[in-house]
Amino acid sequence: MRNPYDVLGVPKGASETEVKKAFRKLAKAYHPDSNKDPKAKERFAEANTAYEILGDKDKRGQFDRGEIDADGKPRATGFEGFSGFGGGRGGSAFDFEGFTRQRGGAGAGPGGVGEDFISHIFGEAFRAGGAGPGFGRGGGGPARGEDVAAELSVTLEQVAGEEKMRIGLPGGRDVDVVIPKGVVDGQTIRLRGLGGGAGPRGEPGDALLTIRVLPHPVFKVEGADLRATVELPLEDAVLGGTLRVPTLTGAVEMKVPAMTSSGRTFRLRGKGLPKKDGTRGDLLATTAVALPVGEDAALTDYARRRREAKAGTV
């Protein structure tokens with residue numbers, strides 16, 4: 001694969017926001033569901049692989065230091081003669097940092113348990129580098145399987161809980177998927193080796209899983225932060241008090257000072273969505289002062305006298 005910086009079209013010093021913006025632009029342009037150009041799927045997969053590296057702080061650092069290659073695989077030392085070593089895609093079906101675990105145990109494809117280790121190393125090197133007849137993607141060797149696309153709809157509660165979910169992929173295969181930290185709506189995750197098969201000893205394709213975060217009746221997503229409007233009883237707005245605020249993990253209590261108006265926003269730290277670095281975003285709770293239901297003679301009288309007092313000072 002090409003250098004991920006070139007794929008996304010960003011400089012090496014690009015910020016996290018610039019990287020994310022560039023990925024979203026490419027993903028929107030080349031997503032297989034909206035772009036029927038035969039080359040779009042390849043460009044989409046390439047952009048997604050690049051974002052898996054540059055969108056992750058640790059992986060980006062590893063790539064910049066030369067510890068992993070453009071496919072996110074560790075670079076081996078002592079085999080520099082094989083230019084493509086480590087860049088092949090014929091590894092285990094579970095090489096996405098434990099993101100998936102296929103039902104049935106061991107991974108499929110070349111290099112599985114029981115194969116001679118040295119043969120596996122040199123086989124991967126030749127497949128990736130295209131050395132000699134019968135090897136590589138264009139050398140007459142086993143063809144790579146087709147990528148398949150699937151979608152997973154998740155709730156904010158499931159994102160917050162980093163839940164494990166079982167999904168069915170095209171072809172009838174079931175896999176367990178753990179929702180990754182920092183996932184955003186529309187992001188596509190590559191599940192290596194879980195696509196279409198390619199015959200004996202051929203490399204299976206990948207599954208491209210697009211995450212769809214469902215709308216929530218209470219919370220609005222702003223990056224890793226959540227925003228919500230909470231009703232504030234009139235008496236608590238005037239006198240101050242304790243307000244129960246909903247969160248994705250249960251209601252919490254929040255102190256409200258006296259004379260709090262509608263539209264005032266309070267930040268509840270750590271009550272948002274998980275981030276890639278293991279921390280969490282915040283919940284931004286905006287107050288909406290609620291008047292009593294039905295007629296309130298005392299309140300009406302107070303408001304009338306206050307209005308008359310203001311009119312008398314004009």
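For the single chain, residues carry numbers from 1 onward in sequence order. Values below: all heavy atoms of this structure, side chains included; hydrogens, waters and symmetry mates excluded.
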For the [atom1] atom on [X], are there more than 12 heavy atoms of other groups (residues, nucleotides or ligands in this structure) within a distance under 6.0 Å?
X	atom1	answer
Lys181	NZ	no
Glu16	CD	no
Arg307	CZ	no
Arg306	CZ	no
Glu162	CD	yes
Glu42	CD	no

Do [X] and [Y] sit in one hydrophobic cluster, given that two such residues count as connected whenever their side-chain heavy atoms are within less than 4.5 Å of each other, even indirectly?
X	Y	value
Val184	Phe219	no
Leu284	Val289	no
Ile167	Leu214	no
Ile211	Val148	no

Supply the atom-to-atom distance Asn3 CG to Asp69 CG, rounded to the nearest 0.5 angstrom.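 The distance works out to 11.0 Å.
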Say you draw a straight line from CG of Leu268 to OG1 of Thr247; how long is it, rounded to the nearest 0.5 Å? 8.5 Å
Are Arg267 and Asp282 ion-paired here, with the side-chain N under 4.0 Å from a carboxylate O? yes
Sidechain N-carboxylate O distance under 4.0 Å for Lys59, Glu52: no
Any side-chain heavy atom of [X] sitting closer than 4.5 Å to one from [Y]?
X	Y	result
Pro246	Val230	yes
Val7	Thr49	no
Val221	His216	no
Met165	Asp176	no
Thr287	Phe266	yes
Asp185	Arg212	yes
Leu299	Leu234	yes
Asp277	Lys57	no

Do you know which of Val218, Thr265, Leu283 makes side chain to side chain contact (heavy atoms under 4.5 Å, CB included) with Arg227? Thr265
Can you find a side-chain donor-acceptor pair between [X] and [Y] that sits under 3.5 Å?
X	Y	value
Thr188	Thr210	yes
Tyr5	Asp64	yes
Gln62	Asp58	no

One pair to check against side-chain contact (heavy atoms from CB on, under 4.5 Å): Val154 and Val183. What are the steps and the verdict? CA-CA 11 Å; Val154 296; Val183 70; 5.9 Å; no
Between Arg264 and Leu232, does the side-chain contact (heavy atoms from CB on, under 4.5 Å) criterion hold? Intermediate values first, please. CA-CA 11 Å; Arg264 183 168 178 179; Leu232 178 62; over 6 Å; no
Can you name the nearest heavy-atom pair linking Leu273 to Gly223, along with the distance?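 Closest approach of Leu273 to Gly223: CD1-O, 4.1 Å.
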For the pair Leu208 and Arg190, evaluate side-chain contact (heavy atoms from CB on, under 4.5 Å) and give the outcome as yes or no after the intermediate values. CA-CA 5 Å; Leu208 306 178; Arg190 178 184 295 276; 4.0 Å; yes
List the steps and the verdict of side-chain contact (heavy atoms from CB on, under 4.5 Å) for Met254 and Thr242. CA-CA 6 Å; Met254 179 181 74; Thr242 300; over 6 Å; no
Under the side chain to side chain contact (heavy atoms under 4.5 Å, CB included) test, residues paired with Ala14 that sit two or more places apart: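 Side chain to side chain contact (heavy atoms under 4.5 Å, CB included) list for Ala14, sorted by chain: Val10, Pro11, Glu18, Val19, Arg60.
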